Amino acid sequence: MTTLTIGERELDIADVVAASRGRMRIAVTPELRERMQQARDILDDHLRRDVPVYGLNTGLGGNIGHRIAPDEASALQADLVMARVAGVGAPLSIEASRAVLFCRIAGLAQGGAGISLPVFDTLVAMLAADMIPVIPSRGSTGASDLVQTMSLAAAAIGAGAVHWRSRTMPAAEALAAAGLTLARLAPKDGLSIGSASSVACAMAALALAELDDLLAMHVAAAALACQGFGANPHLFDAEVVAARPAGRQVEAAALFRRALAGGDFFTRVPAKVQDAISFRALPQVMGAVMAAREAAAREVRVELNGAADNPLVLGAAGLVRPSANFLTPSLALAFDTLAIAVAQLATASVQRSIKLMTARLSGLPNYLSPVGGASAGFVPMQKSLAALHAEIRLKTIPASIDGVVVSDMVEDIATNSVLAVSKFGEQFEPMRWLIAIEAMVAAQAVDLRRRGEPGLALGRAAGEVYRRLRAVVVELDADRATGPDASAALGALWHADSVDAVRGMLEHDPEKL
């Protein structure tokens, strides 16, 4: 079981990934626990003095004008929670749901919610027992993920369902079997758990971790394409990209140099003065994606380590203030931008694959068919490339610009951050196909080029992709079905061992030896 103490350092994406993979024991530093108790004491004081505080002794949303008597505030908590378990759709995966529970625990630990410590401890105990609430996948507008995260509060009081011991079962049954006591919600505890962006934060962190694997394989496959095409090696020159160091292109060029290190790409005489932009702009396009990824990661870290609560308890000042920290426009905009950046990556990948098949540009047999004549070679695969590209582009439509007024006109803007993240994640599968097809086409180009240049030596990461692909897809020597070949390439390249091998090569910088 992984153990993590919140408060010792800033939490990062890797912590969310670790939480998603299995049982995690959470602790908080004494300083944070004291801050949480201080916030709770402030809420209790406001309740005793009958000072109006949203969600503590008032209704929610359009019912804000309704005051709740202090002696009724606790009894109404379960009703408040259950009325807002309004998410719909298929459940999130158990990995994503684990991450959601972790992210909400991390947010509550900041002390801004005023959560009762026994209730907080119940959520921590559930995560340690790998008892994960079932969370519906739809319902958030990005003005907190309230109707989804209320499933956490419902499970803690024994309502709803949980994943536990490879089963989905009623939460009350699982809590009893595990020896955990049902949470007794104090005033505002339900809102404290539910009013947060934990679903968006968790899904965003997991998506970025998945993106890192995709980008590593993209670099290696594109490097192989450069060698198959006989691209001009100067496009990765450090001096060239540093002359206008936009959007992480300097770092991107360094990645490609690592992918090609150990081969002869940089020592060969260029066959052409310059290439099509899809090859020539590899550092610029990849750099822009890296910059967009960095911006998105920054927003995820803000959500993970921040207090997104409304109302927000300012413990040191003894105050409770209204807050809109639950609204996540920065996160939504970052992931809308990232989806557009990935579409740029997809366009360039498709164009490189097509250029490799075009004889007058590559200097290789047309359609990469050694047969010639009426042979189709790889050209029918261009239709699948176009279809995959269209699917990726469809996911670039911004989610952050759509909003519907809800809750009696009170919640009148929204960010749709969960939708922005989820549609970005839907780009990954077609992107994996594009990368696998580019690698397959590039491997054929390398084999054909070697007939005239038998000494051609592949770079380390490019060669790793070539080796793993050729283990399952043989060179095309006559027309055959290339769809099954693409499926085999996809399975080989996206196996965990392949991704780990390529990432290891890209993380090692031969220029610093």
Side-chain angles (χ1 to χ4, degrees), residues 1-2 16 19-26 28 55 60 73-109 113 115-140 144-203 206 418:
M1 181 187 296
T2 305
V16 182
S20 75
R21 290 177 175 167
R23 296 170 65 187
M24 176 177 279
R25 180 180 289 113
I26 295 290
V28 297
L60 301 183
S74 293
L76 290 174
Q77 282 299 298
D79 290 342
L80 177 150
V81 168
M82 296 311 299
R84 286 160 182 82
V85 179
V88 298
L92 296 176
S93 70
I94 188 169
E95 292 80 11
S97 298
R98 282 194 193 103
V100 172
L101 180 55
F102 170 80
C103 288
R104 191 60 202 125
I105 289 170
L108 291 169
I115 189 78
S116 300
L117 289 179
V119 175
F120 176 81
D121 292 341
T122 296
L123 296 175
V124 170
M126 291 173 67
L127 185 64
D130 202 26
M131 185 182 298
I132 308 302
V134 175
I135 303 170
S137 56
R138 290 181 170 88
S140 173
S144 92
D145 304 328
L146 183 75
V147 302
Q148 290 175 285
T149 46
M150 275 300 184
S151 293
L152 306 182
I157 63 175
V162 296
H163 305 286
W164 190 54
R165 294 184 175 176
S166 303
R167 292 176 53 201
T168 300
M169 64 175 70
E173 179 183 333
L175 287 164
L180 299 180
T181 304
L182 297 181
R184 297 183 63 183
L185 300 178
K188 191 185 169 294
D189 277 349
L191 181 63
S192 293
I193 297 172
S195 183
S197 303
S198 304
V199 176
C201 183
M203 292 176 62
L206 298 181
V418 169

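Predicted model, so just to flag it, every value in this text is computed and none were measured.
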Note to self: Applying side chain to side chain donor-acceptor pair (under 3.5 Å) as the test, list every pair that has at least one member in residues 119-130; sequence neighbours left out.
What the structure shows: R33-D121, R98-D130
Next item on the list: Among residues two or more places apart or on two chains, list those pairs meeting side chain to side chain donor-acceptor pair (under 3.5 Å) that have a residue in residues 77-87.
Entry: none
Ignoring hydrogens, what is the shortest heavy-atom contact between [X] and [Y]? Give both atom names and the distance.
X	Y	answer
I105	F120	O-CE1, 3.5 Å
A154	M82	CB-SD, 3.9 Å
G194	S144	O-OG, 4.5 Å
P133	M126	CG-CE, 4.0 Å
L123	A156	CD2-CB, 4.1 Å
M131	A174	CE-O, 3.3 Å

Answer whether the closest heavy-atom distance between the side chains of [X] and [Y] falls below 4.5 Å.
X	Y	answer
L127	I132	yes
L185	S74	no
S140	V147	no
R25	T2	no
P136	V88	no
T181	L175	no

Next item on the list: Would you check, one step at a time, whether the test side chain to side chain contact (heavy atoms under 4.5 Å, CB included) holds for I157 with L182?
Entry: CA-CA 5 Å; I157 63 175; L182 297 181; 5.7 Å; no
I need the [X] [atom1] to [Y] [atom2] distance, nearest 0.5 Å.
X	Y	atom1	atom2	result
S198	M203	OG	CE	12.5 Å
I193	L152	CD1	CG	7.0 Å
L92	S97	CG	OG	4.5 Å
I135	M150	CD1	CE	13.0 Å

side-chain contact (heavy atoms from CB on, under 4.5 Å) partners for [X], two or more places apart:
X	value
S93	E95, A96
V134	P91, A161, H163, T168
A113	R104, L108, K188, S192, D309
A171	A155, V162

Checking the side chain of [X] only, and the main-chain atoms of [Y] only, is there a donor and an acceptor separated by less than 3.5 Å?
X	Y	result
S116	P118	no
W164	A129	yes
Q148	S137	yes

Next item on the list: List the steps, then state whether side chain to side chain contact (heavy atoms under 4.5 Å, CB included) holds for D189 with R184.
Entry: CA-CA 9 Å; D189 277 349; R184 297 183 63 183; over 6 Å; no
Checklist line | Contacts of type side chain to side chain donor-acceptor pair (under 3.5 Å), residue T149, not counting sequence neighbours | finding: none
Notebook entry, point to check: Mind checking what makes salt bridge (Lys or Arg N to Asp or Glu O under 4.0 Å) contact with D145, not counting sequence neighbours?
Noted result: none
Check: Do any pairs count as a salt bridge (charged side-chain N to carboxylate O under 4.0 Å, His left out) and have a residue in residues 148-173, sequence neighbours left out, and if so which ones?
Finding: R167-E173
